[in-house]
Number of protein chains: 2
Amino acid sequence: MSATIKDVALLAGVSTTTVSHVLNKTRFVAKATQERVLQAAEELNYAPSAVARSLKVKNTKSLGMLVTTTLNPFFAELVNEVEKCCYREGYNLVLCNTDGELEKTNSYLRMLTQKRVDGILVMCSAYDDSLFSSLIGQRNLPMVVMDWGPSDDYVDRIQDNSVKGAHLAIQHLIEQGHKRIAYIGGPLEKLPAKQRLDGFIEAMEQANLGVQDDWVIESDFEFEGGKLGMRQLLSCANLPSAVFIGNDAMAMGAMSEAQLSGIKIPQQLSVIGYDNCLYSAYFSPPLTTINQPKEQLAELAISTMIERIENPRQEGRMIMLEPNLVVRSSVAAVLTR
Amino acid sequence: MSATIKDVALLAGVSTTTVSHVLNKTRFVAKATQERVLQAAEELNYAPSAVARSLKVKNTKSLGMLVTTTLNPFFAELVNEVEKCCYREGYNLVLCNTDGELEKTNSYLRMLTQKRVDGILVMCSAYDDSLFSSLIGQRNLPMVVMDWGPSDDYVDRIQDNSVKGAHLAIQHLIEQGHKRIAYIGGPLEKLPAKQRLDGFIEAMEQANLGVQDDWVIESDFEFEGGKLGMRQLLSCANLPSAVFIGNDAMAMGAMSEAQLSGIKIPQQLSVIGYDNCLYSAYFSPPLTTINQPKEQLAELAISTMIERIENPRQEGRMIMLEPNLVVRSSVAAVLTR
DNA sequence: ACGTCTTTGATAGTCGCAGACAAACTTATA
DNA sequence: TATAAGTTTGTCTGCGACTATCAAAGACGT
């Protein structure tokens with residue numbers, strides 16, 4: 001099949017050791033020899049086998065990433081950032097969509113350990129006991145969890161501080177004069193969804209505003225879920241003046257539904273989202289939302305990962321990321337009358 | 001570090017051969033022995049090293065996917081489908097975003113060959129000579145190209161028939177009574193962009209409709225590009241009654257911009273997109289667009305890939321996919337007066 | 001008791017590369 | 001001239017799994 005180091009050595013008239021050394025620059029080799037080797041390699045179109053190399057050096061320079069689904073733009077953007085960091089650091093990224101299925105997750109976990117990836121990034125956002133137990137089975141494998149935490153000292157965690165994000169959103173609405181605020185959120189078994197709800201309630205209470213029961217709606221973080229959530233909200237006897245929606249995808253679905261019902265945004269209904277995905281600047285009207293620092297998140301995840309790969313014997317760390325408000329045009333000021 | 005086959009053999013009191021055989025079911029082994037082995041493996045949390053295995057069996061059960069950027073929802077959806085197929089077939093997917101940079105592309109190509117992936121899926125859509133020459137350097141590696149074709153008999157190609165898609169779009173507009181039709185497309189060095197433009201012009205000519213020069217705009221397939229394209233279109237002296245936009249991302253940007261300028265869609269301006277991304281059903285109004293059969297595309301790519309892996313010595317094939325029209329609400333009928 | 005089958009297990013070589021150890025050769029120094 | 005020191009390159013083993021080839025043990029017939 002493809003040429004091996006032996007072929008190169010033969011052609012260059014040196015030992016395989018020498019070839020290995022010039023290719024990896026791992027010891028001095030006379031200029032002339034070096035050139036002979038390089039030329040032989042070139043001539044044979046030689047590509048060193050990373051699999052043989054990995055067997056020897058015990059690392060693969062690849063990372064696995066477990067993510068619910070990249071169909072969600074937020075995850076897609078995050079994966080994109082992660083991939084960028086990986087590339088920069090010389091790693092490959094093995095993409096694993098779990099689709100929220102335990103079986104797929106376990107299967108991938110098995111594949112990844114067999115493939116001897118150097119580490120696993122987890123972004124599944126469900127704090128699910130069964131997943132947790134699958135994970136701890138791999139405890140020897142460096143792992144950083146990006147949105148929920150098995151409370152365990154062996155993995156690093158990065159949290160997005162969704163409670164704060166929700167506060168920011170509600171504060172903004174309140175500052176714009178809103179008092180009647182609804183919430184459409186994600187499934188509560190996902191930590192960010194839960195935190196955003198908690199933050200919403202907390203913020204409302206702090207402002208002495210009531211939260212009406214049928215104004216808090218649990219949905220699924222998807223486009224369609226937003227649409228359905230809005231439909232449900234619109235069926236309420238009285239309507240809020242603003243909605244805080246748990247992520248931008250749902251915000252899109254919700255706005256579409258509301259506008260289809262003839263509701264003007266933001267004049268009749270203000271909307272604020274969460275995530276600040278790329279496309280939220282192109283909604284009609286452009287979406288005011290809470291920004292998650294995705295680049296920073298990816299950056300941190302990878303640097304933490306690499307640090308842990310190089311030094312596995314440290315205790316799990318927990319890093320908190322700060323969200324911030326991005327004002328666009330989907331929130332209107334309420335006229336005080 | 002982690003347990004090896006030897007450890008398992010030792011614990012089970014058998015030879016490594018036996019362990020290998022029971023794990024791979026490659027020869028009959030007494031039930032009792034089998035169970036001892038399995039139990040030992042379990043006890044040691046044994047995960048066979050795929051890297052050692054790969055070295056011997058000469059395949060890695062992983063595929064590389066070269067894609068411009070998964071930031072574009074169309075690619076994201078496609079990657080998602082591809083990943084699904086890979087999983088089903090027992091392959092891992094190594095995600096490689098090229099960002100359209102030749103250097104990154106080459107670097108990834110090198111990494112992938114070194115990692116000895118079993119094949120490479122290419123979805124870069126630029127028919128760029130330099131990429132082409134990088135690719136043919138890897139001619140021994142199974143490859144399927146999903147949206148443009150190095151005219152070469154060594155790779156398989158899947159084409160989306162964008163010319164036809166453009167025809168479908170324009171036909172639909174014409175049927176709805178439109179005669180004054182503009183076009184905002186992608187960069188012409190990308191084959192689909194070129195084909196969609198060609199199809200647009202062809203369809204217009206067949207209908208004896210003129211295409212006004214400043215109504216065909218070349219942009220970049222991104223959200224912002226759509227916005228800019230629309231801005232440019234709106235600055236024309238006279239406006240069309242409909243726009244065909246080269247992909248859904250640009251359609252989103254364009255619609256946002258138009259609506260910000262107070263133009264009612266579809267009443268004052270009809271819009272038709274291309275790709276039928278998940279989110280296009282949630283535009284305001286929901287986008288009429290040309291559907292690309294993404295699942296089928298992924299399916300075909302993977303099955304073609306696997307076939308070629310199993311039988312590398314066949315000549316390159318070319319498969320054509322058929323787009324279809326999805327009618328939603330962004331195109332209005334023109335009243336004949 | 002011996003040979004022949006059948007069933008099951010062991011030995012050793014292989015994949016391609018890295019690196020510890022050491023050899024060969026050159027030059028400087030006593 | 002012998003020896004030390006330095007420079008450059010080579011030999012050989014092992015990473016962890018697979019697998020071809022052998023070998024042992026038991027069943028069976030004669």
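Worth saying up front: this structure is predicted, and the values here are computed from it rather than measured. Chain letters run A, B, ... following the sequence lines, proteins first, then strands; residues in each count from 1. Quick note: numbers below take in every heavy atom, side chains included, and nothing from hydrogens, waters or symmetry partners.
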Inset, instruction - For B:K31 and for A:A52, locate the closest nucleotide of DNA chain C by heavy-atom distance; then report the residue assigned to the nucleotide nearer the 5' terminus. - result: B:K31
Inset, instruction - With heavy atoms under 4.0 Å as the rule, sort B:T4 into base, sugar-phosphate or nothing. - result: sugar-phosphate
Inset, instruction - Please state whether the phosphate of C:dG9, meaning OP1 or OP2, lies under 4.0 angstrom from any side-chain nitrogen or oxygen of B:T33. - result: yes
Inset, instruction - Pick base, sugar-phosphate or nothing for B:V14, based on heavy-atom distances below 4.0 Å to the nucleic acid. - result: sugar-phosphate
Inset, instruction - Mind checking the CD1-CE spacing from A:I158 to A:M320? Nearest 0.5 Å is all I need. - result: 12.0 Å
Inset, instruction - Quickly work out the A:K6 NZ to D:dT13 P distance and round it to whole Å. - result: 14 Å
Legend entry - Integer-rounded Å distance: C:dC15 C1' and B:R53 CZ: 13 Å
Inset, instruction - Under 4.0 Å between any heavy atoms, over every strand shown, what does A:S54 touch: base, sugar-phosphate, or nothing? Just pick one. - result: nothing
Inset, instruction - Report yes if some heavy atom in the side chain of B:C86 is under 4.5 Å from a heavy atom in the side chain of B:I302; otherwise report no. - result: yes
Legend entry - Whole-Å gap separating P (D:dG10) and CD1 (A:I5): 12 Å
Inset, instruction - Write down the distance between CG (A:L10) and P (C:dG16), rounded to a whole number of angstrom. - result: 14 Å
Inset, instruction - Give one of base, sugar-phosphate or nothing for B:S49, where a contact means two heavy atoms less than 4.0 Å apart. - result: sugar-phosphate
Legend entry - Side-chain heavy atoms of B:T69 within contact of A:N80, under 4.5 Å: yes
Inset, instruction - Output the single nucleotide from C:dC15, D:dG10, C:dA18 whose closest atom is nearest the side chain of A:R27. - result: D:dG10
Inset, instruction - May I ask you to evaluate whether A:T18 reaches the phosphate of D:dG10, defined as a side-chain N or O under 4.0 Å from OP1 or OP2? - result: yes
Inset, instruction - Round to the nearest Å and state the distance from B:D7 atom CG to D:dG16 atom P. - result: 9 Å
Inset, instruction - Determine the contact category for B:T17: base if any of its heavy atoms lies under 4.0 Å from a base atom, sugar-phosphate if only primed atoms, P, OP1 or OP2 are that close, otherwise nothing. - result: base
Legend entry - Separation of D:dT9 P from A:E35 CD (nearest whole Å): 12 Å
Inset, instruction - Among the candidates C:dC15, D:dT9, D:dC18, find the nucleotide nearest to the side-chain atoms of A:V29. - result: D:dT9
Legend entry - Side chain of A:S20 - closest among D:dT9, C:dA18, D:dA17: C:dA18
Legend entry - Test: A:K190 cationic atom under 6.0 Å from A:F221 six-membered ring centre, within 45° of axis: no
Inset, instruction - Select base, sugar-phosphate, or nothing to describe what B:T26 touches, counting heavy atoms under 4.0 Å on all strands. - result: nothing
Legend entry - Interatomic distance where CZ belongs to A:R36 and C1' belongs to D:dG10 [whole Å]: 13 Å
Legend entry - Under 4.0 angstrom between B:K58 side-chain N/O and C:dG16 OP1 or OP2: yes
Inset, instruction - Scan for salt bridge (Lys or Arg N to Asp or Glu O under 4.0 Å) pairs involving residues 27-48 of chain B, sequence neighbours excluded, and state none if there are none. - result: none
Legend entry - 5′-ward residue of the pair B:K56/B:R116 relative to DNA chain C: B:K56
Inset, instruction - Report the residue from B:E299, B:E83, B:E81 that forms a salt bridge (Lys or Arg N to Asp or Glu O under 4.0 Å) with B:R88. - result: B:E299
Legend entry - Minimum-distance nucleotide to B:L55 side chain [options: D:dG10, D:dA17, C:dG16]: C:dG16
Inset, instruction - Give the rounded distance in Å between these two atoms: CG of A:N59 and C1' of C:dG19. - result: 15 Å
Legend entry - Of B:L23 and A:A30, the one whose closest DNA chain D nucleotide lies more 5': A:A30
Inset, instruction - Please determine, for the side chain of B:V57, which listed nucleotide (C:dA18, D:dT19, D:dT9) has the closest atom? - result: D:dT19
Inset, instruction - Measure from the side chain of A:Y46, starting at C-beta and using heavy atoms only, and say which of C:dA10, C:dC17, D:dC18 lies closest. - result: C:dC17
Legend entry - Closest nucleotide among C:dG19, D:dC18, C:dG16 to the A:H21 side chain: C:dG19
Inset, instruction - State the CG-CG distance between B:L112 and A:N92, to the nearest 0.5 angstrom. - result: 6.0 Å
